[in-house]
Structures are given as C-alpha cells and as structure tokens.
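Report on the structure given below.
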Amino acid sequence: MALPESEHYVGIDWGSAEHAVCVLDGAGKARSEFNVTHTATGFETLVRRLARFGNAENIPVAIERPDGRLVDLLLEAGHPVVPVKSNAIKAWRDAEVLSGAKSDPGDAMVIAEYLRLRHHKLSEARPFSDETKALRTVVRTRDDVVRLRVMATNMLSALLDAFWPGAKSLFADVESPIALEFLTRYPIPASAAHLGEWRMAAFCTKHSYSGRRSPDELIQRLRRAPAGVTAEHHTEAGRDAVTALVTVLKTLGGVKKDLDRSVVSHLGQHPDARIFTSLPRAGQVSAAQILSEWGDSRAAYDGPDAISAFAGVAPVTKASGRMRGVSYRWACNKRFRQAMVTFAGNSRLESPWSADIYDRARARGMDHPHAVRVLARAWIRVIYRCWLSHEPYQPDRHGGLQRLATPKPLLQAV
C-alpha cells in the first residue's frame with residue numbers, strides 16, 4: 001500500500017559508525033539536519049528528536065537498508081520505514097545535483113526529498129515475526145558456511161592437483177570424511193610411500209569406509225596417479241597447506257551439522273512450517289530456505305506475481321516502439337531465487353504436475369535453468385494460495401495435478 005500524505009519526511013544516510021539525518025516538511029523545506037552515532041545513545045537521540053515533529057506513525061523514514069538494528073528500533077518506535085534502492089537514490093542525486101557534489105548530509109536530504117515526492121509510489125517495510133527472523137539468521141548463516149566449504153574444497157582440490165594428485169583421485173569426493181581422514185594421516189606423498197593393501201584395509205575399517213572399492217583397488221588408484229612432489233622444502237610447505245585446509249574443512253563440516261540441527265529446530269517452531277514442509281521433495285532445509293526468504297507478512301505482497309518478481313523467477317519485459325524483449329531478471333533476492341529453483345528442480349522427481357510443466361518448457365526450446373524458473377513461478381502461485389489460507393499443500397486439492405491425473409474422455413462419433 002502506498003504511503004499517505006505527511007507533514008514531515010525523514011531521510012537517513014546509513015553509515016557504519018554515524019548516520020546523517022534530514023527532516024523535510026511537506027513543502028520540501030529542511031526542518032532539521034543532524035548526525036547520530038551508531039550506538040544505543042545515538043538511536044535514543046534519533047527517536048527523541050524525531051518525536052518533536054509529531055506522532056511517530058505520521059513521520060515516514062526512508063533509508064537504504066531494509067533491515068538492521070536501526071531499522072528495528074525505528075519500527076518499534078512506530079515510524080513507517082521505507083527501504084529505498086541505492087541505485088534509485090544515485091540516479092535521483094545525479095539528476096538533482098548537476099555538479100556531482102556528494103556528502104552524507106546531502107545524501108540524507110536527497111533521500112528525504114525522494115520520499116517526499118514519491119511517497120505515493122512507495123510502500124513501507126513489513127517487519128518479520130521473531131520466528132522468521134530467527135529462522136532467517138540460521139538459514140543464511142548455514143548457506144554462507146556451505147559456500148565457504150565449497151571454496152575451501154576447491155582450494156584443496158587445486159592444491160592436490162599440483163602437490164599430490166594421487167590423494168585427490170583416491171576417493172570420490174575430496175571433502176568426504178574418509179578423504180579428510182586420509183589426508184590427516186598421510187598429508188604428503190612420502191608419508192604414503194610404504195602404504196600397502198593391509199594398511200589400507202585397516203585404515204578403511206577404522207574409519208568405516210562404505211565405498212565399493214577394495215583396498216587393493218584403492219592402492220592401485222593411488223599408484224597410477226602422477227607422482228607427487230618430493231622436494232624437501234616444497235614437501236614441508238605442502239604438508240602445512242594440506243593440513244591447514246583439511247582442518248578448515250573438518251571445522252566447517254562440524255559447524256554445518258550444528259546449523260542443520262538449528263535450522264530444523266527453528267523451523268519446527270514457526271507457525272507456517274507445515275505449509276512449506278508439505279511441498280513435494282521440500283524436506284526440512286529447503287523448506288526453511290524458502291520460508292525464511294518468503295516471510296510471514298500477508299500484507300507484504302500484492303499477489304503471486306510480486307513474489308515471482310521478488311524471487312527473480314519472473315522475466316523482465318522491455319518494449320519500446322517496435323522493439324520488444326524479454327530478459328533475465330537480475331535485480332531480485334538471489335537467496336530466494338536459489339531456494340525456489342532448487343526446490344522446483346527436486347519437485348519434478350515426485351510431482352507429475354511439476355514434471356509435466358518442466359517437460360513442456362523444455363519442448364518449447366528452453367534450457368534447463370529457464371525451464372526450472374518457469375516451474376518455480378508455477379509453484380509460487382500454488383504456494384501463495386496455501387500460504388494465504390494457512391493450509392498445507394494437499395495433492396488431492398491441487399487442480400492442475402488432478403486434471404493431469406484424470407484421463408481425457410474418448411471422443412465418440414455421433
């Protein structure tokens with residue numbers, strides 16, 4: 001919903017240590033300009049000084065951040081908070097300030113002016129519940145840990161390619177627990193020089209190796225690989241590097257397991273959990289990823305199309321004169337898009353309706369990522385209906401699935 005008219009408009013230029021604040025009246029005249037520190041005292045000063053201009057619910061505040069402690073305190077004080085895009089403010093400033101001059105107080109005034117003139121097209125932030133905030137915190141942290149683990153795995157793979165190729169080719173995944181234990185016990189080629197079938201069998205038994213290769217096959221694979229580095233100084237440096245990366249991967253693996261348990265725990269406490277966990281092949285982690293980015297404010301979205309655009313699965317159409325083009329949507333919540341396309345891709349394995357939409361998209365010439373985004377957009381429409389009604393997904397009430405499952409009647413000649 002658009003913001004109503006107000007007698008005062010506030011713009012805040014966010015900074016890591018200090019924030020510039022500008023208050024404009026309805027005519028665009030600056031009523032107050034000041035700075036506050038990013039401290040509890042600074043936040044109290046901001047709320048107290050804004051209270052001089054009237055009731056908090058009648059004083060909208062524009063800021064370039066959609067979250068953070070400053071935003072939380074403004075919402076708690078009762079101010080309508082309007083997140084504004086940094087690119088929009090930059091374009092507005094470039095159009096208004098022809099000299100190109102830039103300062104924090106000047107940016108705060110530009111943000112306040114942007115809010116004053118475009119408030120009828122802007123909407124205030126809809127705060128998440130405490131359950132959603134908690135779930136988003138652990139889910140995003142887990143995703144960041146997974147990303148760090150992938151980076152560390154790639155670093156270890158590159159190091160072993162140059163230092164000891166045999167250790168990399170021994171097991172299927174270099175980041176698997178058995179591979180990390182092997183590198184801990186044999187960090188350099190020289191340490192495995194006398195490794196034979198009997199010792200390999202003992203090692204596999206000790207670490208519960210569940211692969212299908214026999215100890216003799218593992219030894220042969222190790223011996224067939226290119227020889228590793230044997231120079232003294234290089235070997236010492238390689239051992240230190242391998243040990244360091246193995247330690248990092250072990251730590252990240254343990255942290256990920258702890259966060260997995262935390263994600264499942266917080267998901268179970270969320271009121272909307274049963275909606276998202278009821279989706280086919282969603283599981284616990286995927287459902288938590290979708291829910292943490294989707295949110296729980298029913299007033300935050302105008303409809304499923306708004307969610308599709310926010311999640312980046314709806315294309316962008318550009319038309320001018322005879323030119324018309326449809327392109328990939330870059331500006332979106334990328335975590336939300338990743339969660340939706342991951343779920344949509346997995347849902348094909350269980351839902352015939354999902355598989356049919358995906359197959360028809362591929363038949364129209366779309367590649368795999370494009371077809372999965374089409375499927376994700378279709379799922380958003382289904383999830384939106386369940387979300388509004390607070391009911392879990394039920395295949396027997398899904399019209400598209402039922403129409404697909406019902407055989408078409410045979411045409412009879414009359």
Side-chain angles (χ1 to χ4, degrees), residues 66 85 87 132 135-136 139-140 142-144 146-147 150 263 267 272 275-298 300-320 323-388 392-395 398-405:
K85 300 291 186 181
N87 291 339
T132 302
L135 183 63
R136 172 175 282 195
V139 166
R140 287 190 169 185
R142 177 197 173 277
D143 292 345
D144 291 339
V146 170
R147 192 174 297 109
V150 171
V263 166
L267 178 64
D272 290 336
I275 299 174
F276 292 87
T277 54
S278 66
L279 301 173
R281 302 282 293 197
Q284 297 288 317
V285 173
S286 181
Q289 290 171 330
I290 298 173
L291 175 54
S292 65
E293 301 301 333
W294 188 299
D296 55 3
S297 175
R298 267 61 178 181
Y301 305 108
D302 294 333
D305 291 341
I307 302 178
S308 297
F310 181 56
V313 296
V316 176
T317 302
K318 296 181 180 180
S320 178
M323 192 246 346
R324 184 180 185 277
V326 180
S327 61
Y328 181 77
R329 184 179 293 270
W330 294 97
C332 66
N333 183 331
K334 295 177 177 57
R335 291 179 185 265
F336 196 5
R337 175 164 59 200
Q338 184 61 43
M340 283 304 309
V341 298
T342 300
F343 155 70
N346 292 334
S347 69
R348 298 180 295 120
L349 305 178
E350 182 175 328
S351 170
W353 173 78
S354 299
D356 178 66
I357 291 179
Y358 175 84
D359 293 340
R360 286 191 284 114
R362 290 302 302 269
R364 294 196 298 270
M366 299 180 185
D367 59 6
H368 171 73
H370 191 178
V372 171
R373 290 196 300 272
V374 170
L375 176 56
R377 190 161 69 250
W379 266 119
I380 284 176
R381 291 192 289 269
V382 175
I383 298 172
Y384 183 75
R385 290 289 299 274
C386 299
W387 184 63
L388 282 185
Y393 172 75
Q394 302 177 50
H398 185 180
L401 177 60
Q402 295 306 314
R403 285 190 296 270
L404 185 65

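Please read all numbers here as calculations on a predicted model, not as lab measurements.
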- Validation row: Arg298, Trp387 side chains within 4.5 angstrom (heavy atoms): yes

- Query: Shortest non-hydrogen contact from Tyr393 to Ser278?
  - Reply: N-OG, 2.7 Å

- Would you call Glu293 and Arg140 a salt bridge, using N to O less than 4.0 angstrom? yes

- Contacts of type side-chain hydrogen bond (donor to acceptor under 3.5 Å, both in side chains), residue Trp379, not counting sequence neighbours: Ser347, Ser354

- Query: Can you check whether Gly312's main-chain N or O pairs, donor with acceptor, with Arg329's side chain at less than 3.5 Å?
  - Reply: no

- So, Gln402 side chain and Pro395 main chain: donor-acceptor pair closer than 3.5 Å or not? yes

- Item | Cationic N near anionic O, under 4.0 Å, Asp359 to Arg362 | no

- Query: Is a salt bridge present between Asp144 and Arg335, judged by a nitrogen-to-oxygen distance below 4.0 Å?
  - Reply: yes

- Item | Thr342: partners by side-chain contact (heavy atoms from CB on, under 4.5 Å), with sequence neighbours left out | Gln338, Asn346

- Message: With a 4.5 Å cut-off on side-chain heavy atoms, are Arg360 and Ile357 touching?
- Response: yes

- Query: Where do Thr132 and Leu291 land on the side-chain contact (heavy atoms from CB on, under 4.5 Å) test, with the steps shown first?
  - Reply: CA-CA 8 Å; Thr132 302; Leu291 175 54; 5.5 Å; no

- Task: Please state whether the rings of Phe310 and Tyr301 are parallel, tilted or perpendicular, taking 30° and 60° as the class boundaries.
- Result: tilted

